[in-house]
Amino acid sequence: MRESRDDLGYPELSTHSFRKTVATILDRAGLSATEIADYLGHEDPSLTMGTYMNTLRGGTKPAMVLQEQLKGLF
């Protein structure tokens, strides 16, 4: 993964970044914190909410920028 992210020009990305992205996508899709926690393997949904689902506070502009920057990778 490190080699791939470096080749793509995103050396700062981590597995935590991907988990946070997945949690955000599932949250925006309307899944509950319990469902997302279960998917991520957390026993306590409050861990999921505090660590992975706090990315929606600043609005949608950051998500739109990321979507544009990552277009074509998937």
Side-chain angles (χ1 to χ4, degrees):
M1 183 179 139
R2 287 184 185 119
E3 188 176 316
S4 294
R5 71 179 185 196
D6 291 344
D7 290 346
L8 291 170
Y10 295 98
E12 67 281 354
L13 289 180
S14 66
T15 54
H16 179 77
S17 301
F18 288 111
R19 289 174 65 83
K20 209 166 179 132
T21 300
V22 167
T24 300
I25 291 168
L26 296 177
D27 185 31
R28 286 183 180 240
L31 275 72
S32 71
T34 302
E35 291 170 312
I36 297 168
D38 185 50
Y39 184 76
L40 295 176
H42 299 154
E43 290 183 26
D44 185 356
S46 66
L47 170 71
T48 307
M49 290 172 61
T51 305
Y52 294 95
M53 295 174 66
N54 59 1
T55 59
L56 299 178
R57 290 186 205 154
T60 60
K61 187 174 180 180
M64 290 188 299
V65 169
L66 285 171
Q67 182 178 6
E68 181 63 29
Q69 293 297 311
L70 297 174
K71 191 182 335 181
L73 294 178
F74 305 101

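The chain is numbered in sequence order, starting from 1.
- Dense packing is recorded around OH of Y10, with more than 12 heavy atoms of other residues, nucleotides or ligands lying under 6.0 Å away.
- Nearest approach of A23 to I36, heavy atoms of both residues: O-CD1, 3.9 Å.
- What you find for R5 and S14 is that their closest heavy atoms are NH1-CA, 4.1 Å.
- Taking both residues in full, the closest heavy atoms of E43 and P45 are given as O-CD, 3.6 Å, listed atom of the first, atom of the second, then distance.
- If you chain together hydrophobic residues whose side chains sit under 4.5 Å apart, L47 and L40 never meet in one group.
- A distance of 11.5 Å separates OG1 in T48 from NZ in K20, rounded to the nearest 0.5 Å.
- A distance of 9.0 Å separates CG of D27 from CE of M49, quoted to the nearest 0.5 Å.
- Contact of the L31 side chain with the Y39 side chain is not registered, since no non-hydrogen atoms from C-beta on lie closer than 4.5 Å.
- By the 4.5 Å heavy-atom criterion applied to side chains, T51 and R19 are not counted as neighbours.
- Partner V22 forms a side chain to side chain contact (heavy atoms under 4.5 Å, CB included) with one of I25, T24, L26 and no other, that one being L26.
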